[in-house]
Chemist: 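If you scroll down you'll find the structure; I have some questions about it.
Values reported hereafter were calculated over all heavy atoms of this structure, with side chains retained and with hydrogens, waters and symmetry mates removed.
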Amino acid sequence: VFMASFLSSSFVPSMFIVFFSYFTLSRYILHTNVFSQGKGNREQQFYLWFDPTSDFHTYSILWNPQRIIFSVDGTPIREFKNLSSGVPFPNNQPMRIYSSLWNADDWATRGGLVKTDWTKAPFTASYRNFNANACVWSNGVSSCSSNSSPSTSNGNAWLSQELDSTSQERLQWVQKNYMIYNYCKDIKRFPQGLPQECNLV
């Protein structure tokens, strides 16, 4: 059974960001994906460097016009940039936040080899200190002012936030030591060539 938290738009093009973890072979795996204009296939997976069931942890998604950053306890694990080079990037569609538990043992657990143990049901997920800081989209207009500086207006510094050198080093540390799947390295999956953004990063 998987815990998924994601942003979803009912509009086309749509964009989803999926965070979910599952237990297999005594390890928990965090799976991330970015969808834009209805297309995903941008998965990256990571082992966690701690037991996520022993305490609450902070999983966050920063999404601004320049980048999407996935973080765990303040440590960035993935950055998807708006490369402005023909690579689809979600810019302004309204979103809703969803969280759910669902069964995906037909594909996600070692290709379906590990099945859900229903004797452990009911399955639950607990959340605390949830926070969402966002621009409200109404009647085609954003609540975030485009005329004022993001760093000074209404606490919207996240609109221009980026990774500093320390965060870049942490990102590289996670990706070197804990990343177990990267779609940009999966040549067998993309025999006609890797997605465009893989060659531009």
Chemist: Tell me, which pairs form a salt bridge (charged side-chain N to carboxylate O under 4.0 Å, His left out) where one or both residues lie in residues 63-76, sequence neighbours left out?
Modeler: Arg67-Glu79, Arg67-Glu162
Chemist: Identify the two heavy atoms, one from Ser143 and one from Ala134, that lie closest to each other, and give their separation to 0.1 Å.
Modeler: OG-O, 4.5 Å
Chemist: Is any NZ, NE, NH1 or NH2 atom of the basic residue among Arg189 and Glu43 found under 4.0 Å from an Asp or Glu carboxylate oxygen of the other?
Modeler: yes
Chemist: Are Leu200 and Val34 linked, directly or through intermediate hydrophobic residues, by side-chain heavy-atom contacts shorter than 4.5 Å (ILVMFWY only)?
Modeler: yes
Chemist: Just wondering, do Asp186 and Lys188 contact through their side chains at under 4.5 Å, heavy atoms?
Modeler: yes
Chemist: State, yes or no, whether a side-chain contact exists between Cys135 and Trp158 at a heavy-atom distance under 4.5 Å.
Modeler: yes
Chemist: Can you tell me if Gln44 and Asn182 form a side-chain donor-acceptor pair at under 3.5 Å?
Modeler: yes
Chemist: Can you tell me how far apart NE2 (His57) and CG (Leu30) are? Round to the nearest 0.5 Å.
Modeler: 12.0 Å
Chemist: Can you tell me how far CG of Asn156 sits from CG of Asn133, rounded to the nearest 0.5 angstrom?
Modeler: 6.0 Å
Chemist: Where do Leu159 and Pro65 come nearest, in terms of heavy atoms and distance?
Modeler: O-CD, 3.5 Å
Chemist: Going from OH on Tyr181 to OG1 on Thr32, what distance comes out if it is rounded to the nearest 0.5 angstrom?
Modeler: 11.0 Å
Chemist: Please report the interatomic distance CZ(Phe46) to CD1(Ile180), rounded to the nearest 0.5 Å.
Modeler: 9.5 Å
Chemist: Is there a side-chain contact between Ile77 and Ser71, using heavy atoms and a 4.5 Å cut-off?
Modeler: no
Chemist: Between Gln45 and Tyr178, do the side chains contain a donor N or O and an acceptor N or O under 3.5 Å apart?
Modeler: no
Chemist: Indicate the atoms forming the closest heavy-atom contact of Met179 with Gln175, along with that distance.
Modeler: CB-O, 3.3 Å
Chemist: Of all the heavy-atom pairs spanning Asn41 and Tyr183, show the shortest one and how long it is.
Modeler: O-CD1, 3.4 Å
Chemist: What donor-acceptor contacts under 3.5 angstrom involve side-chain atoms of residues 123-130, with partners at least two apart or in another chain?
Modeler:
unit_1, atom_1, unit_2, atom_2, d
Tyr127, OH, Ser99, OG, 2.2

Chemist: Looking at every heavy atom in both Pro76 and Ile69, which two are closest together, and how far apart are they?
Modeler: CB-CG2, 4.0 Å
Chemist: Going from CZ on Phe80 to CD1 on Ile68, what distance comes out if it is rounded to the nearest 0.5 angstrom?
Modeler: 6.5 Å
Chemist: In Å and rounded to the nearest 0.5 Å, what is the CH2 to CD distance from Trp63 to Gln161?
Modeler: 15.5 Å
Chemist: Could you tell me how the ring of Trp173 sits relative to the ring of Trp49: parallel (under 30°), tilted (30 to 60°) or perpendicular (over 60°)?
Modeler: perpendicular
Chemist: When you check the gap from the basic side-chain N to the acidic O, do Arg42 and Glu197 get nearer than 4.0 Å?
Modeler: yes
Chemist: Are the side chains of Tyr59 and Pro52 in touch, meaning some heavy atoms are under 4.5 Å apart?
Modeler: yes
Chemist: Could you state whether Phe70 and Phe50 fall into the same hydrophobic cluster, counting links through intermediate Ile, Leu, Val, Met, Phe, Trp or Tyr residues with side-chain heavy atoms under 4.5 angstrom apart?
Modeler: yes
Chemist: Within the 4.5 Å heavy-atom criterion, are Thr53 and Tyr28 side-chain neighbours or not?
Modeler: yes
